[in-house]
Amino acid sequence: MSSIKSVSTESRVFEPPAEFAAKAKIGSREAYDKLYAQSIEDPDAFWAERAEELHWFTKPTTISQWDPPFAKWFLGGTTNLAYNCLDRHVLAGNGDRTALIFEGEPGDTRTLTYAELLAEVCKLSNGLLDSGVKKGDRVIIYMGMVPEAAIAMLACARIGAIHSVIFGGFAAEAVRDRVLDAGATTILTQDGAWRRGKVVPLKAQVDQACESCPGVVRTIVLRRTNNDITMKEGRDLEWAAVLDGASAEHEAPALDAEHPLFILYTSGTTGKPKGVLHTTGGYMVYAHTTTKYVFDMRPDDVYWCTADVGWVTGHSYIVYGPLANGTQVLMYEGAPNHPGPDRFWEMIAKHKVTIFYTAPTAIRAFIKWGDEHVTKHDLSSLRLLGTVGEPINPEAWIWYRDMIGGGRCPIVDTWWQTETGGIMMTPIPGAVAAKPGSCTLPFFGISPKVLRDDGTEADTNEGGYLVIDKPWPAMMRTIWGDDQRFKETYFSRFEGKYFTGDGARYDEDGYFWVMGRVDDVVNVAGHRLGTAELESCLVAHEAVAEAAVVARPDELKGQALVAFVTLKSSAKPSPELNAALSEQVAREIGKFARPDSIRFADALPKTRSGKIMRRLLRELAAGQTPTGDVTTLEDISVLASLRSDES
Ligand code: WTA
């Protein structure tokens with residue numbers, strides 16, 4: 001099989017609202033086309049100009065160097081990302097502007113201006129240096145969503161320590177693996193984090209991880225939940241003690257553009273996690289530029305991205321991109337349904353949020369919880385919506401637009417990856433018309449291609465492998481400590497081109513439709529189908545909240561389809577519904593794609609970042625007991641209940 005068959009038939013088009021376009025930084029399709037053409041014809045000139053918008057201690061002498069698979073950007077330049085996010089605004093006279101608005105899960109709030117945030121970052125920078133942390137050291141940040149997590153990232157970036165944020169939902173063994181792989185010396189953590197009114201005991205997990213991590217010589221512990229913890233003499237320091245007496249002034253050092261900035265681990269479906277390495281200059285320029293244009297960002301926006309700082313979205317679009325743009329960033333500590341399912345909408349109304357960026361998995365949960373939680377709040381402050389993380393099914397897209405955006409806000413469906421560092425494909429909101437379920441067109445400087453198995457380019461509407469065939473500033477530099485694996489994973493499938501691992505097609509307008517991970521492709525009756533489209537068809541049924549489709553081996557057909565379906569709270573499983581769903585797939589896609597079995601479930605197994613773990617479902621569908629790594633699973637009980645459902 002050379003390509004992946006696309007069965008999606010979505011054809012609605014939504015032009016940028018005129019009122020939005022009139023004020024937008026890029027306000028017409030012509031303006032986008034012109035800038036995109038420039039960025040592809042002369043990328044060095046384009047990126048040199050973008051780099052000029054930021055501060056460099058020494059200007060770069062060479063803009064890019066591409067020796068596949070290794071890229072370098074802004075060679076010879078020195079800069080400091082924290083300086084660009086903080087000092088630059090303060091020196092420009094904007095120190096009194098709001099930088100961070102924090103809301104804790106219990107309802108406590110705290111606001112930091114740019115000047116205050118700078119002072120906090122300087123204090124921690126001095127504290128880290130005094131405790132013995134040096135430039136180039138690896139520092140783990142294993143915290144909840146508190147301002148100190150952002151302060152910790154910025155302080156590391158400032159002194160040139162390489163941070164690796166580990167999502168606070170991970171347990172001790174996941175922490176241990178990452179600490180060991182990174183060779184970290186220092187862990188910044190907290191006693192506990194709030195989640196649905198309960199304490200997640202972070203420090204206790206660190207203690208357990210450290211039993212097998214002799215390289216960790218210090219931990220610095222923030223008090224947040226005041227649960228009992230043990231402090232190990234000679235290793236564990238109180239956060240407050242580290243800051244005590246630390247000066248609020250610190251001169252940001254000039255760091256080489258290619259100085260490592262952070263390592264972020266992505267869990268592949270199998271094998272040990274990959275430490276994706278990003279470096280300073282290219283990442284900075286890309287995060288700044290994408291944030292500016294994709295979110296059309298202004299200093300008076302109140303911007304809320306609901307991701308966790310433990311994911312790349314939290315790095316690029318909670319901390320670095322928005323702060324580099326000098327905007328007001330809302331940061332929320334807890335769960336979306338605590339104390340009630342309207343927490344997010346209540347917060348949007350309270351803080352007058354203007355830009356809201358979340359994930360399809362969250363949107364589907366909101367739909368499931370019911371519209372009444374949304375409609376009781378005033379969401380009229382919103383002007384722009386975004387999604388990231390998975391293909392969004394058109395039904396969820398329309399609901400998001402109508403129910404949350406009041407029909408007036410453009411939606412940016414942003415496709416990108418931990419590896420890409422920043423948004424790669426997205427509508428520019430004032431310029432590019434949206435189609436529900438499509439991430440539309442490439443960002444400036446990005447050259448996506450869809451290839452067949454043999455490396456030739458797929459035709460219009462022919463699904464294939466999504467690659468990027470030109471380097472861009474924020475591309476990952478390597479897998480930490482493993483250049484060989486970097487090359488094999490990303491650059492060997494198609495020689496010299498970055499392989500994303502995703503399947504995609506582009507339509508007659510050149511719009512890209514991502515069909516999900518190629519590992520998830522199923523082969524039915526000789527057709528290779530992306531599961532995302534099958535799932536989207538099921539979710540289009542009014543009773544369905546979420547669906548995951550996997551294949552199991554079948555003696556006759558080779559593969560048979562199994563659909564796992566969760567229903568909206570208003571619906572109940574029944575043989576009639578089962579038949580109706582099967583009929584819907586037959587009608588919309590074709591009889592060949594009819595699932596052999598539809599299984600109703602209360603919930604689907606997901607990673608902690610909300611992606612459905614199809615690998616586990618494949619094993620269940622094949623009647624096996626899930627093996628392999630389940631440490632990234634969000635809620636292990638989901639697996640148990642799915643198994644007991646087997647009949
Ligand atoms: C998927 C998250 C379709 C895709 C920033 C990608 C998407 C993987 C989209 C990366 C989107 C992300 N449309 N699919 N808008 N955004 N994906 O590393 O499969 O957590 O390869 O980065 O998520 O996930 P990661």
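These numbers were taken from a predicted model, which means no experiment stands behind them. Counting starts at 1 for both ligands and their atoms, following the listed order.
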Worksheet item: Can you name the residues that come within less than 4.0 Å of ligand 1, going by heavy atoms only?
Response: Val312, Thr313, Val388, Gly389, Glu390, Pro391, Asp413, Thr414, Trp415, Trp416, Gln417, Thr418, Asp502, Val514, Arg517, Lys611

Practice prompt. Could you list the residues that satisfy salt bridge (charged side-chain N to carboxylate O under 4.0 Å, His left out) with Asp308, not counting sequence neighbours?
Written response: none

Fill in: cation_pi(Arg178, Phe170) dist<6.0 Å, angle<=45
yes

Worksheet item: In terms of ring plane angle, is the pair Tyr286 and Trp47 parallel, tilted or perpendicular, where the classes change at 30° and 60°?
Response: tilted

Discussion item. Classify the ring geometry of Trp472 against Tyr498: parallel below 30°, tilted from 30° to 60°, perpendicular beyond 60°.
Written reply: perpendicular

Item to complete: List for me each residue that meets salt bridge (charged side-chain N to carboxylate O under 4.0 Å, His left out) alongside Asp296, sequence neighbours excluded, and say none if there are none.
Response: Arg298, Arg383

Worksheet entry | Which residues share a salt bridge (charged side-chain N to carboxylate O under 4.0 Å, His left out) with Arg401, sequence neighbours left out | none

